[in-house]
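Heads up, the thing below is written out as C-alpha cells.
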Protein chains: 2
Amino acid sequence: MKGISIKDIAKQAGVSPTTVSFVLNGKAKEKRISDQVSKKIQKIAARLKYKPNQLARGLRTGKTKTIGLIVEDIANNFFASLAKVVEDEADKYGYKVLYGSTEDNTEKAKGLLEVLKYRQVDGYIITPTKNLDKEIELLETAAKPIVLMDRYFPHVNSHYVVLDNFKGAYDATSHLVKQGYKKIAIVTIASDQTQMKDRLDGYIAALKDHQVPFSKTLVKRLPFELDREKFNNEIKKFLTSVKGLDAVFFATNYLGIYGIESIRSLGWQIGKEIGLVGFDDHDLFRLHSPSITCVSQPIGEIGKKIVEVLMKELNQPSDVPQQIVLPPELIIRESSKLA
Amino acid sequence: MKGISIKDIAKQAGVSPTTVSFVLNGKAKEKRISDQVSKKIQKIAARLKYKPNQLARGLRTGKTKTIGLIVEDIANNFFASLAKVVEDEADKYGYKVLYGSTEDNTEKAKGLLEVLKYRQVDGYIITPTKNLDKEIELLETAAKPIVLMDRYFPHVNSHYVVLDNFKGAYDATSHLVKQGYKKIAIVTIASDQTQMKDRLDGYIAALKDHQVPFSKTLVKRLPFELDREKFNNEIKKFLTSVKGLDAVFFATNYLGIYGIESIRSLGWQIGKEIGLVGFDDHDLFRLHSPSITCVSQPIGEIGKKIVEVLMKELNQPSDVPQQIVLPPELIIRESSKLA
DNA sequence: ACGCTGGGCTAAATCGATATAGCATTTTTT
DNA sequence: AAAAAATGCTATATCGATTTAGCCCAGCGT
C-alpha cells in the first residue's frame, strides 16, 4: 500500500518529476511551465489524490510542518484547553503538533527538547521549567523559532505570550481588600519563574497600595512536586498558623482546588469566615457552593496569539522579539463575598 | 546547525557509513563486524551524541516511530488524562504522539486520519466517531495497526480497549435502587455507539433485575453538539417533565456537570430530593457539596493497555484481535444518599 | 597450486521530493 | 543573418539512513 508519488504523476502526464514538483509547488509561472502542462498535472494530481510524502519533503527541505508543544502538564485543564486551541490554530496553517509534558522537571524538559529536535520540528512552543534558559538560548541559535508561553526568562530576549500575572494577582487582592477582608494570605508555588513571581508581586503591591500591612508570614510557597495529601496538609498547617487570617489567594488552579479541599476539611465557611480567590477558571470554581472567585486567563486568545507569533517567525523571522502580555479577567463569585 | 550524521561517524572511525549503520542498529554480529570496529563506532557515536535523523530513516524504512492519537476532545478531562498516560507509555518504547480532536464529528475524524496517514504514523489509537467504521476497515488493510478506545464497532474485528460500560451503568443504577430511589432517569448522549448503548443497556438491565418499572419517558438522549446553555435547558425541561422523579444517572462526565448545574438552578436538593450519579471522576464531583457519586474509569490502566496492545501489534502483528474490557469502579459519595 | 569457505567490510541503490544547472528550441534584437 | 534572449522543460545531485549485493583476503582441504 504505497502512496502516489510524484513519479506516478510524471509518468501519467508524460513529463519529468521536476516539472511536476514545480507545478505542485506553485512555481509554474516562475519556472515557465506552460499552462497546458500545468493544468494537466494539476488534474492528474487531483485525480490520484496525491499527497506529498512529508518525510521526503522534510528530508530535503528541512521543514517538517510540525511544531513541538511543551506544556507543564497536559492533564491540567488549563494546558489541555490551550493545547486544543493551539492544535486547531496550527492546523489552519497546515501544521501538526507533537506534544509533551514536563511535570515542571527540567530534566524531562531537556529530554523533550532533545526528541523534538531530532524529530526536526520547525518551531517550538514551550512552557519553560526553571534553568531551561540555557537550552532555550542554544536552541535559538539553531534558527528554529521558539515561543515561550505562560512564563519567560527576563534576561533572555525571546518571543513569548503570557498573561499579565501581576495584574491578575493585583486585581484579585485588591478585590479582597475592597470586600473588607483584613488579613489576606497567598498560597503559591515555590518557584522563581516569572508567572509565580509576578503573581506574588502583584499580591504584595495591591496590599501596599491599599495600606494593608504585609508580612512574610502571609506567604506560603509550596514545592510543585507534592501529592494531593501533602498539599492539603501543608495548606491546612499554614492556614491555621496565621492568626486573624480571613482571606487567601491561591496562585494556581490546582492550588485553588487543594485549597478548597483543605478549608472545607477544616470546617471553615468559605466566603464568610475566609475569603478565597483562585487562579484560572474551572467547572469546580463555577459550580462549587459557594462558587469561587478567580482570575481567568483568556485561553482562546492566548492560543491564537501563540500560533500567530510562531507562524510569523516561521515565515519571516525578525530580530525584534514579539512579546505579548494579555490581560486577565477577574470573575467575581461568592467565595469573596464577606457576609 | 546540522546534526551529526552517520557519515561524520564513518569518517572519524575510518569506516564506511554502511558499517556504522550496521553497528548502531545492533546488527554487528549478524553482519560480522569485528568487536574492535564495533566498539570504536559505538564510542564515537556516543561522544558525538549521534541521533539518527528520523526523517531519513522513516523515508527508507517506512517507520516513523510516531503514533497518531485521535480523541473526542483533548480539552475534556478524561481524554486529556488519558493522553498523558499514552504519551508517557509510548515514550517508553521510543514513540512520539501526534494528536487530534474529532469533536465527535466524522468529517473532522476523516480529516485527521488523512493527515496522520500521509504523515506516515506507524499506528493509530482512535476514539471513533459514528460511521468511521468504513475508514477504519480501509486503514486496516494498509497494515498499520489500529487500536480503538472508549468505543468500538461490534461488526468490525479490530483491536480495542474499552471500559465495561454496561457494568458501570448497571452498578450505578443498582446502587441508586438499593439506596431507595424509586424513579430513576438517565440522561445520555443521542448516539448509537457502543459506549453509550452499553450504558443505556446497563441502566435498563439494572432496573429490570430489581423489578423497578422502566419506561421510555425516563430516558433523555441529547445531541452532542449542544452548547452549555442548551444542555442546561434541555436537562431542566426533561427533569421537570418526569413526574415523581427522584434520581438521575448522567452517562458522561460533561452531562454530569451540566446536570449538577441544571438541578441546582431548579433549586432541588441533590441527594435528598434527587439522587445523582455521574460518569468519570472529576475534581468537581469530589468537592461538590454534596459530593457526587460516579462511575470511575481506570485511566492509568486503560492508557497502559492501549499502548501495550498497539506495541504488540507493531512488533508482531497477529490475526486475533486483542479486545480488552476493563472494569469500572463505582465511587459512592453523598449525591446518592437518600435522607 | 587450486578451489572453496567464511570473515570483515564496502559500493551503490533506494526511499520521495526539491534545487541547481543547463539543454534544446524558438523568438527577438540589431 | 548572426547574436542574444526568452521559452519550456529535464537530468542529476541531494537530504540521511538502510539494504542488497558483492569484493577482497586468509585459511583450509586435497
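Keep in mind the model is a prediction, meaning the values are calculated, not measured. The sequence lines fix the lettering, A, B, ..., with proteins before strands; numbering per chain opens at 1.
Per the geometry, CG belonging to B:Asp8 stands 9 Å off P belonging to D:dG16, to the nearest Å. Rounded to a whole Å, the CZ atom of A:Arg60 is 11 Å from the C1' atom of D:dT12. The separation between B:Phe22 atom CZ and C:dT10 atom C1' is 9 Å, rounded to whole Å. Residue A:Leu24 contributes atom CG, which lies 13 Å from atom P of C:dA19 at whole-angstrom precision. Here the P atom of nucleotide C:dA17 and the NZ atom of A:Lys11 are 13 Å apart, to the nearest Å. As a whole-Å value, the separation of A:Ile9 CD1 from C:dG16 P is 13 Å. Rounding to whole angstrom units, NZ of residue B:Lys63 and P of C:dT14 are separated by 21 Å. Rounded to whole angstrom, the span from the CD atom of B:Glu30 across to the P atom of C:dG8 amounts to 15 Å.
At a threshold of 4.0 angstrom between heavy atoms, the contacts of A:Lys27 are confined to the sugar-phosphate backbone, with no base atom among them. Among the atoms of the strands shown, only primed sugar atoms or phosphate atoms (P, OP1, OP2) are found under 4.0 Å from some heavy atom of A:Ser5. Backbone-only contact: A:Val37 has heavy atoms under 4.0 Å from sugar-phosphate atoms and none from a base. No engagement by A:Tyr118 is indicated, since no non-hydrogen atom pair under 4.0 Å with the nucleic acid exists. A:Thr18 comes within 4.0 angstrom of a nucleotide base, judged by non-hydrogen atoms across all strands.
Between B:Tyr50 and D:dG16 there is no side-chain polar atom (N or O) within less than 4.0 angstrom of OP1 or OP2. Distances shown here put a side-chain N or O of A:Asn25 below 4.0 Å from the OP1 or OP2 atom of C:dT18. In terms of phosphate contacts, B:Ser34 brings no side-chain nitrogen or oxygen within less than 4.0 Å of OP1 or OP2 of C:dG8.
Taking 4.0 Å as the cut-off between side-chain N and carboxylate O, B:Lys108 and A:Asp91 do not count as a salt-bridged pair.
Nearest nucleotide to the A:Thr19 side chain, out of C:dT20, D:dG16, D:dC9: D:dC9. Among D:dG16, D:dT18, C:dT20, the nucleotide with an atom closest to any side-chain atom of B:Arg57 is D:dT18. Nearest to the side-chain atoms of B:Leu59 among the listed nucleotides C:dC15, C:dG8, C:dT10 stands C:dC15. The side chain of B:Arg32 has C:dC9 as its nearest neighbour among D:dT20, C:dC9, D:dA17. The side chain of B:Ile33 has C:dC9 as its nearest neighbour among C:dT18, C:dC9, C:dT20.
Side-chain contact between A:Ile9 and A:Leu48: present, with at least one pair of heavy atoms (C-beta onward) separated by less than 4.5 Å.
Residue whose closest nucleotide on DNA chain D sits further toward the 5' end, between A:Ser38 and A:Thr61: A:Ser38. Residue-to-nucleotide proximity on DNA chain D shows that, of B:Pro52 and A:Val15, the 5′-proximal contact is made by A:Val15.
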Please assess A:Lys29 against A:Asp35 for the test side-chain contact (heavy atoms from CB on, under 4.5 Å), listing each intermediate value before the final yes or no.
CA-CA 9 Å; A:Lys29 281 281 163 306; A:Asp35 266 17; 3.3 Å; yes
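Cation-pi geometry between B:Lys31 and B:Phe22 is satisfied (NZ or CZ under 6.0 Å from the ring centre, within 45° of the ring normal).
The closest side-chain donor-acceptor pair between B:Gln322 and B:Glu313 falls under 3.5 angstrom. Residues A:Thr19 and A:Ser16 have side chains that bring a donor and an acceptor to within less than 3.5 angstrom of each other.
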